[in-house]
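Remarks on the structure that follows.
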Amino acid sequence: MNKGPVKRKFESFGFSSSNPYDQRVQKELVLHIQNQVQIGNDFTLKLYSWMKISILKQKIHKATKLDLGDFRVLYKNQELQLNNQDLEDYGIKNHVSLKLVARKQGQQTYFINSLHNILEESRSTQEQFQNAKWAVEGAFMKGITPKLTDFGTQGTYILENQNHKPVAIFKPYDEEAFAPNNPRGMRGKMNSPGLRQGILSGEGVDREVAAYLIDQSSGHYHNVPITNYVQICHPTFHEAEEYKQFQHEKIPIKEGSFQLYIPHDDNVGNYGSGLYPSMEAKKIAILDIRILNCDRNEENILVRKKKVPQANGQTRQSFDYFLIPIDHGYSFPDSFKICRDEVVWYHWNQMTQPFTQEEKLFIERIDPDKDIQMIKEKVQLREICLRNAKIATILLKMGAAADLTIHDIAEILYREDPDQLSPIEKAVQTAVDNYNNNVRVPKGFSNFKEKLLSNNLIQKSLEFESSNLNNLDKPQINQPLLKLQIIRDEEENKDTNERENKTQYSDKKLTRAGSQQNIKSIKKPIEKEWNEEFYAHISYLLQQLVEHKQSERVPSPRKYRPRYISEEVK
């Protein structure tokens, strides 16, 4: 008896079984489930790569008879919690092992997972981070809880190991100042104005990670402790009742920054600033300029002492001092409203010393475009915040090339009076006005004025003398700053029209799925595009400020007057 063609049976999850040639249907996966809830009952499942995480959990529910709220599924120590994502979205391939662990109240396994690893591939860095995670998880199993610090305005927790020694510092997104779950009474909506100008609540964690990325790209020159994104589940964390995500989740699951704890002797406030080597002090200042740190106080610079071998006959022990910068949640602001008193190193004598050749070489190698692109790929920061950091880095490079000191650069960068604009703020305002009014600046010029005057523009274009740069008034709306006859060819007009019609949206996710960050959904703000033409204006005006600062540092020639001898002496 001849049988008809056997139809291949496909489960009806949105795809027709009559199309066996669909590439997604052909990717059949065999998954090995390590059942840690029911010890000894490991099993395998057959699924397809296009299937959702929710289907995987339903399959596990049928195989184990466990309620969906009683277990969690982990792949490479990352929980598969986004039910609408496909298996291939998590990178799950054929013959991989998934871990099934308990979630139910009373059987909860307190855990710590990496969200998305931004660390470099060096073996030592990865091992330090993993060892710290395992030490904290072991302490959780022994009943050692995270400890909320006694100081600060946000939820900052000290994570210890089984010997009650600090291992890491954890800062959740939603416990920052004026965030929904702030444990110190400073509650507000996510992304509301924070304690510092230009930084919103819920953005501090990303800034902590971005500061480490800057240091990581520089070969750990600034000694920022290892920092990464993690997800931690523990009942100690503060969570408002109305923001709990699921009914079965009685224990909050937090996302935030995980920074390794560095053993130290004290902070810089308990020592005289003259003890610190000039190189160590300048490393902190260079970092703060690169990331536009708004809050470099005495508490967030740690000091480590190392004994120096004593010479023969020496009775007093001497030390070498090393500085470690921490707490960078108030960096990368969207404005330059930073006062000189907000950076503790501004008054140190080391900042008046010229850069060494090694420091100049390091600053010369800094690539602000590369740093900004790296941060965009791994961290979610607003475009204007990255723009300001790039401007500050350009000023640092120009100042070091012109033999300015850090103190000179800080006088350009920071406000002397909180109510008066700093020189760089005035320069940025002028650059924005020029950019909006289509004032052109040649790209890649070395001698600004000669090449500018050799252009076909009128000779008085962009004559911003350093003497009257501080007295520039912002032009009125729709009033051009300079009356220029701008000559463009057809290709330039085409590029200009495309730039004007182009709208760039921010990549920042203000809501994070799978956590209590779904507190408030806000539309993505429209971010302005800052192209090379804008940075050409910035470079020109910053060069004027640097030259003006150079002229202030050059001593005036000594004037000799004739010496008259009185008649009595004769």
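One is the number of the first residue; the rest follow in order along the sequence.
- Counting only distance, with no hydrogens or angles, the side chain of Ser201 and the backbone of Ser192 share a donor-acceptor pair below 3.5 Å.
- For the side chain to side chain donor-acceptor pair (under 3.5 Å) test, residues two or more places apart in sequence or in another chain that qualify with Asn228 are Asn117.
- Listed for the Glu208 side chain is a donor-acceptor partner under 3.5 Å among the backbone atoms of His328.
- Listed by chain and residue number, Tyr221, His222 satisfy the ring-ring contact (aromatic ring centres under 6.0 Å, His included) test with Phe362 (two or more places apart in sequence, or in another chain).
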side-chain contact (heavy atoms from CB on, under 4.5 Å) between Ser273 and His347, worked out: CA-CA 9 Å; Ser273 60; His347 303 285; over 6 Å; no
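- With hydrogens and angles disregarded, no donor-acceptor distance shorter than 3.5 Å links the side chain of Glu280 to the backbone of Pro277.
- The ring-ring contact (aromatic ring centres under 6.0 Å, His included) test applied to Phe336 returns no partner, not counting sequence neighbours.
- Summarising the geometry, atom CD belonging to Glu547 is positioned 6.5 Å from atom CD belonging to Gln550; distances are rounded to the nearest 0.5 Å.
- Using modelled atom types, one side-chain atom of Asn297 and one backbone atom of Asn300 make a donor-acceptor pair closer than 3.5 Å.
- When the side-chain contact (heavy atoms from CB on, under 4.5 Å) test is applied to His264, the partners found at least two apart in sequence or on another chain are Tyr261, Leu302, Arg304.
- In this structure, Asp327 pairs ionically with Lys171, as a charged nitrogen and a carboxylate oxygen lie closer than 4.0 Å.
- The closest donor-acceptor contact from the side chain of Asn388 to the backbone of Pro333 lies under 3.5 Å.
- For Ala132, the side-chain contact (heavy atoms from CB on, under 4.5 Å) criterion is met by Val167, Phe258, Leu260, not counting sequence neighbours.
- Residues Asp295 and Asn293 come closest through the heavy atom pair N-OD1, 3.1 Å.
- Annotation: side-chain contact (heavy atoms from CB on, under 4.5 Å) contacts of Glu364 (sequence neighbours excluded): Leu361.
- For Lys165, the NZ atom sits in a loose shell: 12 or fewer heavy atoms of surrounding residues, nucleotides or ligands are nearer than 6.0 Å.
- A donor-acceptor contact shorter than 3.5 Å is absent between the side chain of Gln350 and the backbone of Ala281.
- Salt bridge Asp288/Arg296: present, at least one basic N to carboxylate O contact under 4.0 Å.
- The closest side-chain heavy-atom distance from Gln373 to Asp369 is not below 4.5 Å.
- Among residues two or more places apart in sequence or in another chain, the side-chain contact (heavy atoms from CB on, under 4.5 Å) test is passed with Ile372 by Lys376, Leu386, Lys390.
- Here the CD-OG1 distance, from Gln216 to Thr125, works out to 7.0 Å after rounding to the nearest 0.5 Å.
- Judged by distance alone, the side chains of Glu299 and Asn267 do bring a donor and an acceptor atom under 3.5 Å apart.
- Arg187 contributes a side-chain N or O that, together with a main-chain N or O of Pro180, makes up a donor-acceptor pair within less than 3.5 Å.
- Residues Ile538 and Ala431 share a closest heavy-atom pair of CD1-CB, 3.5 Å.
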Step-by-step side-chain contact (heavy atoms from CB on, under 4.5 Å) determination, Ile199 to Phe332: CA-CA 8 Å; Ile199 299 175; Phe332 296 96; over 6 Å; no
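- By the ring-ring contact (aromatic ring centres under 6.0 Å, His included) test, Phe140 is found to be paired with His234, residues two or more places apart in sequence or in another chain being considered.
- Shown here is Asn349, whose CG atom has no more than 12 heavy atoms of other residues, nucleotides or ligands within 6.0 Å.
- Side-chain contact between Asp206 and Tyr173: present, with at least one pair of heavy atoms (C-beta onward) separated by less than 4.5 Å.
- In this structure the side chain of Asp408 never reaches within 4.5 angstrom of the side chain of Val546, judged on heavy atoms.
- Across Leu404 and Lys549, no two heavy atoms sit closer than the pair CD2-CG, 3.8 Å.
- Side chains of His548 and Glu552: a donor-acceptor N/O pair is present below 3.5 angstrom, by distance only.
- Between Pro172 and Asn181, every side-chain heavy-atom pair lies at or beyond the 4.5 Å cut-off.
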Candidate pair Leu287 and Ile284, rule side-chain contact (heavy atoms from CB on, under 4.5 Å), full reasoning: CA-CA 5 Å; Leu287 172 66; Ile284 305 293; 5.8 Å; no
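- If you take CD1 on Ile158 and NZ on Lys147, they are separated by 8.5 Å, rounding to the nearest 0.5 Å.
- Using a 3.5 Å distance cut-off with no hydrogens or angles, the side chains of Gln353 and Ser278 do pair a donor with an acceptor.
- Panel note: side chain Arg207, backbone Tyr330; no donor-acceptor pair is recorded below 3.5 Å.
- Within the 4.5 Å cutoff, side-chain heavy atoms of Ile409 are placed close to those of Leu395.
- Residues passing the ring-ring contact (aromatic ring centres under 6.0 Å, His included) test with Tyr321 are Tyr271, sequence neighbours excluded.
- Among residues two or more places apart in sequence or in another chain, the salt bridge (Lys or Arg N to Asp or Glu O under 4.0 Å) test is passed with Glu137 by none.
- By the 6.0 Å contact criterion, CD on Glu416 is open, its count of non-hydrogen atoms from other residues, nucleotides or ligands being 12 or less.
- Within the 4.5 Å cutoff, no side-chain heavy atoms of Tyr276 are placed close to those of Lys282.
- Of all the heavy atoms in Ile169 and Thr156, the pair that sits closest is CG2-CG2, 3.5 Å.
- Counting only heavy atoms from C-beta outward, the side chains of Phe178 and Leu200 never approach each other to under 4.5 Å.
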Step-by-step side-chain contact (heavy atoms from CB on, under 4.5 Å) determination, Val308 to Asp320: CA-CA 7 Å; Val308 177; Asp320 284 336; 3.5 Å; yes
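- With 3.5 Å as the limit, one finds no donor-acceptor pair spanning the side chains of Thr352 and Thr405.
- How far CD of Glu203 is from OG of Ser331: 10.5 Å, rounded to the nearest 0.5 Å.
- In this structure the side chain of Tyr540 never reaches within 4.5 angstrom of the side chain of Thr430, judged on heavy atoms.
- For Arg340, the side chain to side chain donor-acceptor pair (under 3.5 Å) partners at least two apart in sequence or on another chain are Tyr346.
- In this structure Thr153 satisfies the side chain to side chain donor-acceptor pair (under 3.5 Å) test with no other residue, sequence neighbours excluded.
- Here the side chain of Lys397 pairs a donor or acceptor atom with the backbone of Ile363 at under 3.5 angstrom.
- Between the side chains of Glu175 and Tyr157, at least one donor N or O sits under 3.5 Å from an acceptor N or O.
- Between atom OG of residue Ser124 and atom CZ of residue Phe129 there is a gap of 14.0 Å, rounded to the nearest 0.5 Å.
- A donor-acceptor pair under 3.5 Å links the side-chain atoms of Arg184 to the main chain of Gln154, judged by distance alone.
- One distance of note links CG of Leu421 with CZ of Arg415; it measures 5.0 Å at 0.5 Å rounding.
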